[in-house]
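Below: the structure, in structure tokens.
Heavy atoms only: backbone and side chains are in, while hydrogens, waters and symmetry mates are out.
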Amino acid sequence: MKKIILSLAGVLATTAFAPEASAVPAFARQTGMACSACHFQSFPILTKFGKSFKMSGFTMMGAQGKVEGEQGLSIPATLNMAVVLKARYKKTNGTEAAVPFSRSTNSGRIDLPDEFALFGAGRVSENIGALVEISIAGAGNAGVANFKVPFVSDVGSMKLGVVPFSGDAGVAYGFDLFATGSNTTGRAIENAEGYSVAKYLGTHTVVSGVAVYVANDDFHVNYTPWAQGSQVTAAGGTATKLGGNYIRAAWTPSMAGWDIGVGVQNFSGNSQKGIDLVDESTTRDSATILDAQAQGAVADMPLGVYASIGKASGQTAGAVNTFNGGTDTRSAFGILADLGVIPETLAVQLGLIRAKTGALLAGSNETDNAVTLGARYKMRQNVNMGVAYTKFSGTAYGTGGSLDAKVAGNTGDSLLNLTLIAAF
């Protein structure tokens, strides 16, 4: 059996440039294994084995000893933690505003650190796991960024899981096995707006919920009641309600040496139910996304392709759509190809998105398009660097479109990210 270092699945989504190196060592310390069996080319993209580890609730043990006792006590003998450090240079090409002592990313910005996080993850008992990300980036920013606690049972050949979760990654963070960008921690490249329809439609929200899933190697179904807002608390201290409904279904077969995934996501209900100053009778969730991915090899080079298409219906006289502030349908198609030109060392990415904002802007056709080029280089097993450049076009990318939503104050048409990341 190959040795693999398992990464902290579904957590470090801040970078597209870290392949295995962006893997956080918390799970590695628990399992004593090596990254390549759990991740296809880069974090957070999962192989079949990585998907199995995740759907089992992060509970698998390796060489590490256990402390066991009555009432089901079964924990690792060592508390498994990890630290992630990320530095970033970010540049947009808009005109800098003439405001004294004010600079935006149009002048270029160095973030040291861009991310500084402490992770705790792994086995809580025989069938209970945990994954916690504590951000310690700076004064006033410390706190739990994301957490989940999977409770998993075996039902024949399937896994039945219940996962309470909260964080800033979006509702699909509760449970998902795709790399199509369904949530912030599931995107395959830093510039998610360059290929992810979920990102484009605005489903990467601060969220609390409970994911309930059934899964095996060939399929998974997830139903999640959820609310927008961390810790299910709205401004003013009034508790929100789990009024939103999220359903994900996916088929994940293996064909001719390729790992295939075809899925659907649907949002309904009202994830803002109970929030102060929100009229529950006039808010709703309405979005549908179809996504697919394929992972294999071409000419001995690993290749992953990740695509999605989706829409969010426009507002009506009595119903504001959480995922579309316009009156027309907001829609998008996105795709990303990730090719390992030097396997396990150097990879290149090409992504594109074709979309309409739904804003019905005067004199425009709402077009919002982008092309993304990227590369990542693994310097060491746990140190990576990379680049991602996105060029925007169309009539609405800066007015309610993808660039406007990502970079406030940018009047240009491009986004550049350079990233260096280390994990230990």
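- Side-chain N or O atoms of Arg187 include none that pairs as donor or acceptor with a backbone N or O of Gly181 at under 3.5 Å.
- Between the side chains of Asp285 and Asn321, no donor N or O sits under 3.5 Å from an acceptor N or O.
- Side-chain contact, Thr205 with Gln228: no donor N or O sits under 3.5 Å from an acceptor N or O.
- Looking at heavy atoms from C-beta onward, Leu415 lies out of side-chain contact with Tyr389 at the 4.5 angstrom threshold.
- Asp168 and Asn146 share a side-chain donor-acceptor pair at under 3.5 Å.
- Contact check for Val212 versus Asn222: no side-chain heavy atoms found under the 4.5 Å cut-off.
- For Gln64 against Pro76, the heavy-atom pair with the smallest separation is OE1-CB, 3.0 Å.
- Ile189 places a side-chain heavy atom less than 4.5 Å from the side chain of Leu336.
- For the residue pair Asp176 / Gln265, no side-chain donor-acceptor distance below 3.5 Å is found, with atom types taken as modelled.
- Scanning all heavy atoms of the two residues, the minimum distance from Pro302 to Gln41 falls at O-NE2, 3.3 Å.
- Although no hydrogens or angles enter the test, the distance criterion places a donor-acceptor pair under 3.5 Å between the side chain of Lys148 and the main chain of Tyr173.
- In this structure, Ser331 and Phe333 have side chains that are not in contact, with every pair of non-hydrogen atoms separated by 4.5 Å or more.
- Side-chain contact check for Gln349 and Tyr195: no donor-acceptor pair (N or O, by modelled atom type) lies under 3.5 Å.
- Rounding to the nearest 0.5 angstrom, the gap separating the OG atom in Ser254 from the CD atom in Gln295 is 10.0 Å.
- Side-chain polar atoms of Asn369 and Thr367 form no donor-acceptor pair below 3.5 angstrom.
- Ser308 and Asp291 share no side-chain donor-acceptor pair at under 3.5 Å.
- Within the 3.5 Å criterion, the main-chain N or O of Ser52 finds a donor-acceptor partner in the side chain of Ser56.
- Within 6.0 Å of CG on Leu112 lie more than 12 heavy atoms contributed by other residues, nucleotides or ligands.
- One distance of note links OH of Tyr213 with NE2 of His220; it measures 10.5 Å at 0.5 Å rounding.
- Scanning all heavy atoms of the two residues, the minimum distance from Ser286 to Phe323 falls at N-CD1, 4.0 Å.
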**OP:** Could you check Val124 against Phe58 for side chain to side chain contact (heavy atoms under 4.5 Å, CB included), going step by step and ending with a plain yes or no?
**Re:** CA-CA 9 Å; Val124 174; Phe58 316 127; over 6 Å; no
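- In the model, Thr288 has a side-chain atom that pairs as donor or acceptor with a side-chain atom of Asn266 under 3.5 Å.
- Thr105 contributes no side-chain N or O that, together with a main-chain N or O of Gly108, makes up a donor-acceptor pair within less than 3.5 Å.
- Across all their heavy atoms, Asn106 and Lys91 have their closest contact at O-NZ, 2.9 Å.
- In the model, Asn93 has a side-chain atom that pairs as donor or acceptor with a side-chain atom of Ser414 under 3.5 Å.
- Between Lys391 and Asp413 there is a side-chain heavy-atom pair separated by less than 4.5 Å.
- In this structure, Phe151 and Val163 have side chains that are not in contact, with every pair of non-hydrogen atoms separated by 4.5 Å or more.
- Looking only at atom types and distance, the side chain of Asp218 has no donor-acceptor partner in the side chain of Thr252 under 3.5 Å away.
- Without hydrogens or angle criteria, Asn324 side chain to Asp328 main chain gives a donor-acceptor distance under 3.5 Å.
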Subject >> Working for ring pair (Phe, Tyr, Trp, His ring centres under 6.0 Å), residues Phe53 and Phe27 >> reply: CA-CA 10 Å; Phe53 179 76; Phe27 286 148; 5.2 Å; yes
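- Under the 6.0 Å distance and 45° angle rule, Arg330 counts as a cation-pi partner of Tyr200.
- For the pair Lys86 and Phe116, the cation-pi criterion (under 6.0 Å, within 45° of the ring axis) is not fulfilled.
- Smallest separation of non-hydrogen atoms from Ala121 and Gln30: O-OE1, 4.2 Å.
- A tilted orientation is assigned to the rings of Phe267 and Tyr246, their planes being inclined by 30° to 60°.
- Using a 4.0 Å cut-off between charged side-chain N and carboxylate O, Lys356 and Asp368 make no salt bridge.
- A heavy-atom distance below 4.5 Å is not found between the side chains of Leu85 and Glu115.
- Under the 3.5 Å distance criterion, with hydrogens and angles disregarded, a donor-acceptor pair is assigned to the side chains of Arg284 and Ser313.
- Taking 4.0 Å as the cut-off between side-chain N and carboxylate O, Arg109 and Asp111 count as a salt-bridged pair.
- With a 6.0 Å radius and a threshold of 12 heavy atoms from other residues, nucleotides or ligands, Trp258 has its CH2 atom above the threshold.
- Between Lys51 and Asp217 there is no salt bridge, since no side-chain nitrogen of the basic residue lies less than 4.0 Å from a carboxylate oxygen of the acidic one.
- Closest non-hydrogen pair, Val207 versus Val171, comes out as CG1-N, 3.9 Å.
- For the side-chain hydrogen bond (donor to acceptor under 3.5 Å, both in side chains) test with Arg376, the passing option among Thr345, Thr419, Asp338 is Asp338; the others fail.
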